[in-house]
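Keep in mind that the numbers below use all heavy atoms, side chains included, and drop hydrogens, waters and symmetry copies.
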Amino acid sequence: MVSVVRGVLKVINEKGVGGFIKHLREEGYMRCLLDGNLLQTKLHNIGATLIGVDKFGNLYYEKLDVQYGRHRWVEYAEKGRYNASQVPPEWHGWLHYVTDHTGDELLMLKPKRYGEEHRENFSGEGDAYIYHSKGHALNPGQRDWTRYQPWQPAKS
């Protein structure tokens with residue numbers, strides 16, 4: 001909490017009160033009052049360093065004066081619906097402390113011929129993306145189970 005207050009005072013000193021209010025509007029603080037997760041992320045962003053932006057528009061931050069393991073995070077571009085699969089693999093490594101190279105640095109090192117472009121996982125996002133096994137009642141290509149006969153024990 002102290003770092004939040006310190007960050008707010010720093011912005012007010014740099015931009016003034018009017019500039020601070022303008023900054024709040026530009027950064028989307030007014031929109032996030034109804035979304036607790038987004039508000040918490042925005043408050044946590046105060047005093048943080050923007051490390052980079054990926055091709056989807058996600059913002060990656062780092063704040064070195066907080067506990068290790070909690071000093072790197074992402075602010076998703078799509079505020080209404082977000083999940084971890086929206087982070088591309090090059091930024092995933094930086095975000096989870098696998099590497100200290102940012103996603104932009106890793107993209108420059110990555111050969112173009114390998115791998116596919118990252119796509120987010122749409123599981124559970126409507127019927128088109130839900131997998132149903134062949135025997136599932138909602139599978140349009142459902143197996144015909146009528147050819148199977150129930151086992152009947154021999155009568156003695």
Chi angles and distances behind the side-chain contact (heavy atoms from CB on, under 4.5 Å) call for Arg72, Tyr60:
CA-CA 7 Å; Arg72 293 178 179 175; Tyr60 296 89; over 6 Å; no
Over 12 non-hydrogen atoms of neighbours within 6.0 angstrom of NZ in Lys55
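Enclosed: over 12 neighbouring heavy atoms sit under 6.0 Å from NZ of Lys55.
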How many angstroms lie between atom NE2 of His71 and atom OG1 of Thr49, to the nearest 0.5 angstrom?
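So the gap between those two atoms works out to 10.5 Å.
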Pick out which of Leu50, Leu95, Ile51 makes a side-chain contact (heavy atoms from CB on, under 4.5 Å) with Glu62.
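Testing Glu62 for a side-chain contact (heavy atoms from CB on, under 4.5 Å) against Leu50, Leu95, Ile51 leaves exactly one candidate, Ile51.
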Under 3.5 Å: donor-acceptor pair, side chain of [X], backbone of [Y]:
| X | Y | result |
| --- | --- | --- |
| Asn58 | Gln86 | yes |
| Thr99 | His101 | yes |
| His92 | Pro88 | no |

Can you say whether the rings of Trp91 and Trp94 are parallel (under 30°), tilted (30 to 60°) or perpendicular (over 60°)?
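Rings of Trp91 and Trp94: perpendicular, over 60°.
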Check the angle between the aromatic planes of Trp73 and Tyr61 and answer parallel, tilted or perpendicular using the 30° and 60° thresholds.
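Rings of Trp73 and Tyr61: parallel, under 30°.
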Phe56/Tyr76 aromatic ring centres below 6.0 Å:
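No, they do not, as the ring centres are separated by 6.0 Å or more.
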